[in-house]
Amino acid sequence: RAVEQLTPDAFVDYIKYRRAASVGSKVLKSQNALQNSYSHMSSMLKTLTLKRKIQSNHFEGRANNLNGIETIDTGRGKNHVTRATIESAIEYYCKDKRRIDKLTMFLLCVSFGLEKPHIQKLEWSAIDLEKHVININSRILPINKMLYSCLSELNKNSGSGKRKNKYVFTSVHSKQKYISQELINYAFDKLKEVSDDSFWSLFSPQYVRTHLISQMYEDGFSIDEIVYLTGIEIKNIHKYIDNDRIIAHQRVRYSKIKTNKLFS
């Protein structure tokens, strides 16, 4: 009964209470974080309604009154993953040959949007350097020239025979163990040295993935191509590309949509 009585106003009041009580310094500061939290609540209540666990709910779509909550611009919503910044990052990594592992991690992110667990546990058995492809969760992905060069160099240093390392990125203390996620974070933290621009502090595998998926759609990749290349679950695509954007995108090319294909 209490769940059925929850309203968007109660959600807003709770956020304001959390902030006033100083429960946490990072309590949903950005507008995007607020919207995502509200959407999560809305989806949960909708599911409970569909499964008849509750009779009804007051959360539908996005809440208009969230705009009344003071927020700050964290900068994470802005896309700084551009051709120019990618080239600057690559140039930075290439200045020191000892950064080849960091460059490889970066290229895996900007090529396929790989997340930290996939980078962390990437095995040589998943990479076919002869065919220039990499197998990620049964997705056969093409390796570009620079990534191929980096992987080839790392492969030379990975040992041979029984002494060959299993993982592409190995721990300093044990060559048969994969690296910690902290070392992946460190590879991206180093980008702060590229220039004095503050946006470099935003760069991380997740930040790159978010804006890569968005940019791929802008560049003409279809939803199924994006799903295949990045491995994103189709049910989560709305986190990166919302319905309004898809509708607006398709409206431009509506005349090319062949509705006569339906049931033909």
Side-chain angles (χ1 to χ4, degrees), residues 24-41 43 71-90 92-93 99 101-123 126 134 136-137 139 141 144 146-147 150 167-169 178-195 197-219 221 223 225-242 245:
S25 59
K26 298 181 179 179
V27 182
L28 301 179
K29 289 184 177 182
S30 72
Q31 186 67 25
N32 188 55
L34 282 171
Q35 294 285 10
N36 288 339
S37 183
Y38 180 89
S39 294
H40 179 75
M41 178 73 74
S43 296
T71 58
I72 63 171
D73 183 6
T74 61
R76 290 193 173 275
K78 295 179 180 178
N79 182 12
H80 295 288
V81 184
T82 64
R83 182 175 296 276
T85 55
I86 290 173
E87 288 177 352
S88 295
I90 291 174
Y92 166 76
Y93 287 127
R99 297 175 185 154
D101 56 337
K102 298 177 180 62
L103 173 59
T104 308
M105 293 177 200
F106 180 77
L107 291 174
L108 287 168
C109 287
V110 297
S111 299
F112 313 116
L114 287 197
E115 297 174 286
K116 283 187 283 189
H118 289 130
I119 297 172
Q120 187 182 24
K121 299 178 183 179
L122 181 62
E123 298 183 13
I134 181 171
I136 303 292
N137 292 342
R139 294 176 290 116
L141 308 176
N144 60 45
M146 179 167 286
L147 181 55
C150 290
Y167 298 102
V168 176
F169 306 105
Y178 52 78
I179 60 172
S180 66
Q181 293 194 10
E182 285 71 21
L183 285 177
I184 301 174
N185 293 334
Y186 177 71
F188 280 80
D189 285 342
K190 293 292 288 182
L191 290 175
K192 294 175 185 177
E193 298 177 4
V194 173
S195 71
D197 293 307
S198 60
F199 62 74
W200 288 113
S201 63
L202 301 174
F203 273 67
S204 68
Q206 185 56 48
Y207 179 80
V208 169
R209 179 178 175 81
T210 297
H211 293 291
L212 173 67
I213 291 172
S214 178
Q215 191 60 48
M216 287 174 74
Y217 186 70
E218 285 299 312
D219 289 345
F221 285 81
I223 296 296
E225 286 173 327
I226 293 173
V227 168
Y228 184 82
L229 288 171
T230 66
I232 181 177
E233 293 189 32
I234 192 66
K235 66 181 181 180
N236 293 328
I237 202 74
H238 70 281
K239 296 179 180 179
Y240 306 87
I241 312 166
D242 60 37
R245 186 175 169 193

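None of the values given here were measured: they were computed from a predicted structure.
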Kindly compute the distance separating [atom1] ([X]) from [atom2] ([Y]), expressed to the nearest 0.5 Å.
X	Y	atom1	atom2	value
His118	Ile134	NE2	CD1	10.5 Å
Gln181	Lys116	CD	NZ	5.0 Å
Met105	Tyr93	CE	OH	9.0 Å
His80	Ser201	NE2	OG	9.0 Å
Leu141	Ile136	CG	CD1	6.5 Å
Ile237	Tyr217	CD1	OH	9.5 Å

When you compare the side chains of [X] and [Y], does any donor N or O come within less than 3.5 Å of an acceptor on the partner?
X	Y	result
Asp219	Gln215	yes
Thr82	Thr85	yes
Ser204	Arg209	no

What are the two closest heavy atoms between [X] and [Y], and how far apart are they?
X	Y	answer
Leu212	Cys109	CD2-O, 3.5 Å
Val208	Val81	CA-CG2, 4.1 Å
Lys102	Tyr186	CE-CE2, 3.7 Å
Phe169	Ile119	CD1-O, 3.5 Å
Arg139	Leu229	NH1-O, 3.0 Å
Val194	Ser88	CG1-CB, 4.1 Å

Check your understanding: Would Leu122 and Tyr167 satisfy side chain to side chain contact (heavy atoms under 4.5 Å, CB included), going step by step from the backbone distance to the final call?
Key -> CA-CA 6 Å; Leu122 181 62; Tyr167 298 102; over 6 Å; no
Check your understanding: Below 4.5 Å, heavy atoms only, C-beta onward: do Pro205 and Leu114 meet side chain to side chain?
Key -> no
**Study point:** Pairwise side-chain contact, His211 with Tyr240, heavy-atom cut-off 4.5 Å (strictly under)
**Key:** no
Point to revise | side chain to side chain contact (heavy atoms under 4.5 Å, CB included) evaluation trace for Phe112 with Thr230 | key: CA-CA 5 Å; Phe112 313 116; Thr230 66; 6.0 Å; no
Practice item. Please lay out, stage by stage, how Asn79 and Ser214 fare under the test side chain to side chain contact (heavy atoms under 4.5 Å, CB included). Key: CA-CA 9 Å; Asn79 182 12; Ser214 178; 5.8 Å; no
Point to revise | Atom OH of Tyr228 with >12 non-hydrogen neighbours under 6.0 angstrom | key: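 Enclosed: over 12 neighbouring heavy atoms sit under 6.0 Å from OH of Tyr228.
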Practice item. Please say whether more than 12 non-hydrogen atoms of neighbouring residues, nucleotides or ligands are located less than 6.0 Å from CD in Glu193. Key: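 Result for CD/Glu193: enclosed.
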Check your understanding: Hey, is Arg245 close enough to Glu218 for a salt bridge, meaning N to O under 4.0 Å?
Key ->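 Glu218 and Arg245: salt-bridged.
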Practice item. Please step through side chain to side chain contact (heavy atoms under 4.5 Å, CB included) for the pair Phe106 and Ile86, ending with a clear verdict. Key: CA-CA 9 Å; Phe106 180 77; Ile86 290 173; 4.1 Å; yes
